*Asks:* 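Let me give you the structure first, and then I'll get to my questions.
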Amino acid sequence: MATDNHENSELNPFLQMTKRLEKASSLISVDAGVYKILAEPFQELAVSIPVRMDDGSLRVFTGYRVQHSVARGPAKGGIRYSPEVNLDEVRALSAWMTWKCAVVNVPFGGGKGGIICDPRRMSQGELERLTRRYTSSLLDIIGPERDVPAPDMNTNSQTMAWFMDTYSIYTRATCTAAVTGKPIGLGGSLGRNEATGLGVAIIARESLKYKSLPSEGCTVVVQGSGNVGGLAAKFMHDMKHKVIAISDMYGGIHNPDGLDMPKVIDWLQENGKLQGFPGTTDIDNNQLLALECDVLIPAATENQITSVNAADIKAKIIVEGANGPTSDEADMILEANGVFVAPDILANAGGVTVSYFEWVQNRMGYFWEEKDVLDRMERILVDSFKDVMASSERHETSARIGAYCLAVERVAYSHEMRGMYA
Ligand code: NAD
């Protein structure tokens, strides 16, 4: 399969995913034929999306939907709107969803979508027309039993409402289970908005326990202040940890005495960026990653910790809120330096776990209380953390490769039990 960005394989997320898959597969002896299936996406679609812009002109956007695996259930994964979206990124994100759903043992495969666009330069009307036309282009491959999208970077519950409405118009029946991350009141689940950030905080707590580090008052640095980073920082603050720095795409703020996170979040909402928050020093994202702290939470985007800056990391624990923030080359350096990494496919799995609950509630037509949703999520994450660490100890490898071993074993089992129609 052709991949983009061959020049620097460290920055190609799909090649990075493949390296981890290779390492795990060599430890658990996956059948060579099954390995070939797991190494390639099951299905991918690239679409041209014409959109009438507000000024009357017609623009054509490029969108993708990749289904890496449907072996364990319908494909599941978000849709990202960004100028940086590319096919290899979507392929990697899609495969990571397969492994993530398998790690937390929810009955989904992996999928992901993306549109190359700059949503900050588009009106709500343009975004709605883009979303609806994209949905109509995917109709042959999506649906509650086939592929269930969700929000990701720069998409939200409104995007999902448009997606669900367009799908329902074509299928002539209101189908809330077609997507997750919908608004509450339109089939969304209580707790879904907080799920990923809270899950990251829960995995941070379990990681501290596992490494026998004191929990109360530990120092935390967060890269990214969106749905994942902003909420993870808030929950870490609520758990009495000291969040000393946080960033967004414009840069970060630092105060070694700790940030008042509820006030920081209000400030961000009012001002659109973090810098300038009173009583803090401005820092850039590179300085932020290198700060002395107990827990570092990269929660922005891929390729943030690489062979270039891994040796500068002073955190004791990294909890990956983002997908793919750390390269395989960086993992080697971090491991040699004794940094514990709670990998993305475990650490940010709270989101897909509650997405699964949303899909279940939509299909039951009966909704759970928020406490019920979040308690169930916590149980799944705590059990998954134990499963991952048991796998890592059994195979004498890192938590990341331990998580891949667990996931690959589960997906390979589904292939073997279903048999090969080949
Ligand atoms: P978001 O759009 O809500 O927030 C992204 C944040 O990262 C923003 O604060 C943005 O300013 C910042 N950012 C973007 N580019 C940056 C850069 N180059 N340097 C520093 N900061 C930058 O997105 P999100 O939903 O919070 O997703 C963040 C990451 O978490 C992504 O990797 C996503 O795939 C992953 N993730 C999200 C969910 C979810 O439920 N939203 C679930 C699992 C994983």
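All figures in this text were calculated on a predicted structure; none of them were measured in a lab. Just so you know, ligand 1 is whichever comes first in the structure, and atom 1 is the first atom listed for that ligand.
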*Asks:* Note the single closest protein heavy atom to atom 20 (C) of ligand 1, along with its residue, its atom name and the distance in Å.
*Replies:* Asn285 ND2, 3.2 Å
*Asks:* Taking NZ, NE, NH1 and NH2 as the nitrogens, is one of them in Arg132 or Asp165 under 4.0 Å from a carboxylate oxygen of the other?
*Replies:* yes
*Asks:* For ligand 1, which atoms have a heavy atom of Arg192 less than 4.0 angstrom away?
*Replies:* 40 (O)
*Asks:* Hey, is Lys209 close enough to Glu206 for a salt bridge, meaning N to O under 4.0 Å?
*Replies:* yes
*Asks:* Would you call Arg80 and Glu302 a salt bridge, taking side-chain N to carboxylate O under 4.0 Å as the test?
*Replies:*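 Yes, charged N to carboxylate O under 4.0 Å.
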*Asks:* Measuring from atom 33 (C) of ligand 1, which candidate in Asp152, Asp344, Val352 has the nearest non-hydrogen atom?
*Replies:*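 Nearest option to atom 33 (C) of ligand 1, by heavy atoms: Asp152.
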*Asks:* Asn348 versus ligand 1: do any nitrogen or oxygen atoms come within less than 3.5 Å of each other?
*Replies:*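 Among all N and O atoms of Asn348, none is under 3.5 Å from an N or O of ligand 1.
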*Asks:* Return the closest protein heavy atom for atom 23 (O) of ligand 1 as residue, atom name and distance.
*Replies:* Met153 CG, 3.5 Å
*Asks:* Need the ligand 1 atom indices (1-based, order shown) with element for anything under 4.0 Å from a heavy-atom of Asn154.
*Replies:*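 Heavy-atom distances to Asn154 below 4.0 Å select 2 (O).
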*Asks:* Hey, is Arg91 close enough to Glu44 for a salt bridge, meaning N to O under 4.0 Å?
*Replies:* yes
*Asks:* Looking only at protein heavy atoms, which one is nearest to atom 15 (N) of ligand 1, and what is the separation?
*Replies:* Met249 CB, 4.0 Å
*Asks:* With a cutoff of 4.0 Å, is Arg80 in contact with ligand 1, counting heavy atoms of the residue only?
*Replies:*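 Arg80: in contact with ligand 1 (<4.0 Å).
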*Asks:* Taking distance alone, with N or O pairs closer than 3.5 Å, would you say Ser225 contacts ligand 1?
*Replies:* yes
*Asks:* Looking at every non-hydrogen atom in both residues, tell me the closest pair between Val373 and Phe357 and how far apart they are.
*Replies:*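 Closest approach of Val373 to Phe357, heavy atoms only: O-CE1, 3.6 Å.
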*Asks:* Using a strict threshold of under 4.0 Å (side-chain N to carboxylate O), is an ion pair present between Asp294 and Lys314?
*Replies:*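 Looking at Lys314 and Asp294, the cut-off is not met.
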*Asks:* In terms of residue, atom name and distance, what is the protein heavy atom nearest to atom 26 (O) of ligand 1?
*Replies:* Val228 N, 2.9 Å
*Asks:* Does Arg376 qualify as a cation-pi partner of Trp368, given the criterion of NZ or CZ under 6.0 Å from the six-membered ring centre and within 45 degrees of its axis?
*Replies:* yes
*Asks:* Could you identify the single nearest non-hydrogen protein atom to atom 32 (O) of ligand 1 and state the distance to 0.1 Å?
*Replies:*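 I find the closest protein heavy atom is Asn323 N, 3.1 Å.
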*Asks:* In the protein, what heavy atom is nearest to atom 4 (O) of ligand 1, and what distance, to one decimal place, separates them?
*Replies:* Gly226 CA, 3.3 Å
*Asks:* Would you mind checking if Glu194 and Lys234 are paired as a salt bridge, meaning a charged N to carboxylate O distance below 4.0 Å?
*Replies:*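 No.
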*Asks:* For atom 30 (O) of ligand 1, state which one of Gly321, Ala299, Gly229 supplies the nearest heavy atom.
*Replies:* Gly321
*Asks:* Do any nitrogen or oxygen atoms of Gln304 lie less than 3.5 angstrom from nitrogen or oxygen atoms of ligand 1?
*Replies:*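 Between Gln304 and ligand 1 (N or O atoms, distance only) the closest approach is not under 3.5 Å.
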*Asks:* Could you identify the single nearest non-hydrogen protein atom to atom 31 (C) of ligand 1 and state the distance to 0.1 Å?
*Replies:* Ala300 O, 3.5 Å
*Asks:* What residue and heavy atom of the protein are closest to atom 40 (O) of ligand 1, and at what distance?
*Replies:*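 Answer, as residue, atom name and distance: Thr196 OG1, 2.7 Å.
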*Asks:* Mark up the atoms of ligand 1 that fall under 4.0 Å of a heavy atom belonging to Ala322, in ascending order.
*Replies:*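 Ligand 1 atoms under the 4.0 Å threshold to Ala322: 29 (C), 30 (O), 32 (O), 35 (C).
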*Asks:* Hey, is ligand 1 close enough to Thr301 that some N/O pair sits below 3.5 Å?
*Replies:*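 The answer is no, given that Thr301 and ligand 1 share no N or O pair closer than 3.5 Å.
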*Asks:* Inspect the contact between Glu358 and Arg363 and indicate whether a charged nitrogen and a carboxylate oxygen are less than 4.0 angstrom apart.
*Replies:*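 No, no charged N to carboxylate O under 4.0 Å.
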*Asks:* State plainly whether the residues Lys100 and Asp344 are in salt-bridge range, i.e. N to O under 4.0 Å.
*Replies:* no
*Asks:* Report yes or no: does Asn303 contribute a side-chain atom to a donor-acceptor pair with the main-chain N or O of Thr326 at less than 3.5 Å?
*Replies:* no
*Asks:* Is any N or O atom of Glu302, backbone or side chain, closer than 3.5 Å to an N or O atom of ligand 1?
*Replies:*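 Such a contact does not occur with ligand 1.
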*Asks:* Check this for me, if you would: do Arg400 and Asp328 make a salt bridge, where the nitrogen-to-carboxylate-oxygen distance has to be below 4.0 angstrom?
*Replies:* no
